[in-house]
Amino acid sequence: TRAALSPTDIMGDVVQMHFTTPDYVIFALLLVASTCIGLFYALSGGRQRTTQEFLLADRSMSCLPVSLSLLATFQSAVAILGAPSEIYTYGTQYWFLGVSYFLGLLIPAHVFIPVFYRLRLTSAYEYLELRFNKTVRIMGTVTFIFQMVIYMGVVLYAPALALNAVTGFDLWGAVLAMGLVCTLYTTLGGLKAVIWTDVFQTIVMFAGQLAVIIVGAHQAGGMGEVWRKAMNGSRIASLDLNPDPTERHTFWTLGVGGVFLMLALYGVNQAQVQRYLSSRTEREAVMSCYVVFPCQQVVLCLGCLMGLVMFARYGEEISSCLQMVLYFVMDVFRDLPGLPGLFVACLFSGALSTISSAFNSLATVTMEDLIKPYCPAMTEAKATLLSKGLALAYGLVCLAMAYIASLMGSVLQAAFSIFGMVGGPLLGLFCLGMFFPWANSTGAIVGLVAGLAMAFWIGIGNFVSRMAVPTPLLPIINATTMPLHGNMTTAVMTTLITSITAKPKPTGVQALYNLSYLWYSAHNSTTVVIVGLIVSLLTGPMKEKDLTPGTVYPVLGNLLFFLPERYREKLCCVTPLSHKVALRSIQATPQPSCRLAHTVQETAL
């Protein structure tokens, strides 16, 4: 076995690594298998002849595939590379993110899922019209489309760029292969194909990461030696209880700020809500959140262990980045034909699962929120055909966005940040409607605009302020100052390596720009809620009789259990829908009752 590449070789790009025939075969098998799954569901069952089957898999999915699909949806290729890079550079403090998964998945399971599922929605933004009005619904939909269209092109292009730089793998060949295959199976097989390919791709992701850890740890002398080197290199972090919100990673930023980031993804994001709604029963939808919890912990551990193995191999002699992780993998596997292909298949499985979810969710919200309300006479056959056409169109838009991403240069990182900036305000909009009965449509609109303005102000200010800091140029993709592991693909990316030297504590507006990225969702969603409530109170709060039953969760009534019941009834005033009540059967005149509202929580629990 040849010696490991030296840091000088790697950083100087002296050694060019190449794929072998077995590597190409394994990568091709991933694409073929994904296509076959799409064709199978296009030609079996109901053959995707109704929008219910195409967009919601006939509400027939069981818990396990839904759980793995939830896991895979935002486990992008950049995420798979980002966690090892983070651990290598900064140590294991990031591992405490697992604490946020408790509330980040329990709250969707027992609050958001019961509300969405009992309303029998197809698009999450239908809820906004039921709770507020059509204007709020359209604003939410357009915001989501803007978020996902920009995001999916970068998610497709970034891993292909990294792979091309490391192995010479044809850049646009990889982009076109992934984009076209993903478009094909999403358009033909609908949500059922997307979910089952997610299951297959999740298994490939686990296999690729495990292979790297096992082989890399063996070459380093075992996991005990890996841990010893990490300890000696100060990469095993202790609990940091510093409350400063500008500190990048502390227990509070990871354990509390991370909860809001998880809620933006697993609570109200259309890609995830659509999976809940595809479940056979509400109970299975709730169970999918419970099953995804240990899976998320496993994904977090795999990413962190990869980073430690990487540190044990190279020490502190190199600057980490996304491409550096690929160099490490190719270095570990260079005497093992086929295994580099397995990891690349793992990498592109992450990209495929994220992009296919984007196509399907975008087709759903466009159809349900922007077309169907204005074409009520459209037949089911035409609606299904149009939904497939929308999935195909978004696939082509994705390829166009990948091309635009290739022209963006350093702005590529800013495009990633848009995904994180928009998630918080959308979370705030849903929370405003679901938890505060007196919030009205005017408050929702003004709150969303204020939240988005705040998000872009802080996000762009952070990006510009970091761009102004001079740093040495690297011969590879600029490193990120934050991980992109699992759900962290929503985090705001930056292009510069954080200086190791001590910096003066920022003050004023600069302190706001230096807010830890994990607080972004919390800060921006809170802005929406506070502004929305103030405007609602100033313009006349929503009346009890105007609320659609089932659209408000009685969180205040439960938290204020110590108040007399007559006061709690004024704060908590909705009637939950029974499991069998369909969206179109909602009565125009609700009969609010706090006592009945409590059954929403009781049934969920």
Side-chain angles (χ1 to χ4, degrees), residues 82-107 227-267 293-294 296-305 307-308 311 316 320 420 423-424 427 458 462 465-466 480-488 490-494 497-527 529-530 559:
S85 175
E86 159 68 20
I87 298 298
Y88 176 88
T89 308
Y90 299 104
T92 58
Q93 186 70 228
Y94 174 62
W95 216 324
F96 287 107
L97 180 68
V99 174
S100 70
Y101 294 170
F102 288 97
L103 287 177
L105 291 168
L106 278 175
I107 293 174
W227 195 264
R228 186 189 66 78
K229 289 182 178 179
M231 287 284 288
N232 292 341
S234 301
R235 288 304 187 273
I236 307 300
S238 58
L239 191 64
D240 184 356
L241 296 176
N242 185 351
D244 185 356
T246 63
E247 285 293 321
R248 188 169 159 277
H249 282 169
T250 67
F251 174 80
W252 305 113
T253 58
L254 292 161
V256 180
V259 170
F260 289 85
L261 196 55
M262 291 288 290
L263 291 178
L265 288 170
Y266 284 88
F293 172 75
Q296 283 281 20
Q297 298 289 356
V298 170
V299 166
L300 180 61
C301 288
L302 289 177
C304 292
L305 289 174
L308 293 179
F311 183 82
E316 300 188 45
S320 177
L427 171 64
I458 296 176
N462 176 280
S465 65
R466 289 185 182 277
T480 63
T481 63
M482 59 194 67
L484 292 161
H485 173 272
N487 297 309
M488 308 314 291
T490 62
V492 179
M493 291 180 67
T494 59
I497 299 175
T498 302
S499 174
I500 299 175
T501 58
K503 296 179 181 178
K505 187 174 177 61
T507 57
V509 175
Q510 196 62 40
L512 200 59
Y513 293 158
N514 280 271
L515 188 69
S516 170
Y517 72 98
L518 281 164
W519 286 115
Y520 278 23
S521 284
H523 180 270
N524 298 331
S525 59
T526 302
T527 299
V529 170
I530 292 174
L559 291 175

Problem - N/O donor-acceptor pair under 3.5 Å between Q296 side chain and G98 backbone - result: no

Completion exercise
When rounded to the nearest 0.5 Å, the distance separating CG of L515 from CG of D244 is 9.5 Å

Exercise for the section: Taking S525 for its side chain and A522 for its backbone only, find out whether a donor-acceptor pair lies under 3.5 Å. Expected result: yes

Problem - Whether over 12 other heavy atoms sit under 6.0 Å from W519 CH2 - result: yes

Problem - Nearest-0.5 Å distance, SG of residue C304 to CG of residue L97 - result: 8.5 Å

Problem - Within-4.5 Å side-chain heavy-atom neighbours: L305 and I87 - result: no

Exercise for the section: Give a yes or no answer on whether the side chain of S516 reaches the backbone of R248 with a donor-acceptor pair at less than 3.5 Å. Expected result: yes

Fill in the blank from the handout: Value for CG (L261) from OH (Y520), rounded to nearest 0.5 Å, stands at 12.0 Å

Exercise for the section: Would you check if the side chain of W252 reaches a backbone N or O of L241 as a donor-acceptor pair within less than 3.5 Å? Expected result: yes

Exercise for the section: May I ask you to decide if Y513's main-chain N or O and N462's side chain share a donor-acceptor pair within less than 3.5 Å? Expected result: yes

Practice task
Rounded to the nearest 0.5 Å, what's the gap from CG on L518 to NE2 on H249? Could you check?
Solution key: 5.0 Å

Fill in the blank from the handout: Rounded to the nearest 0.5 angstrom, the CG-CZ distance for L239 and F96 is 4.5 Å

Practice task
May I ask you to test the V99-F251 pair for a side-chain heavy-atom distance under 4.5 Å?
Solution key: yes

Practice task
For the residue pair L300 and Y94, establish whether any side-chain heavy-atom pair is separated by less than 4.5 Å.
Solution key: yes

Handout entry: Q93 side chain to S238 backbone, donor-acceptor under 3.5 Å
Key = yes

Practice task
Would you name the heavy atoms of D240 and T250 that are closest together and state the gap between them?
Solution key: O-CB, 3.5 Å

Fill in the blank from the handout: Heavy-atom nearest pair, A264 first then G423, reads CB-O, 3.8 Å

Exercise for the section: Would you confirm whether R235, through its side chain, and T92, through its main-chain N or O, come within 3.5 Å as a donor-acceptor pair? Expected result: no

Practice task
Measure from the ring center of Y517 to the ring center of H523 and say whether it is less than 6.0 Å.
Solution key: no

Practice task
Supply the atom-to-atom distance F260 CZ to L103 CG, rounded to the nearest 0.5 angstrom.
Solution key: 9.5 Å

Exercise for the section: State, with a plain yes or no, whether a side-chain heavy atom of V298 is found less than 4.5 Å away from one of C301. Expected result: no

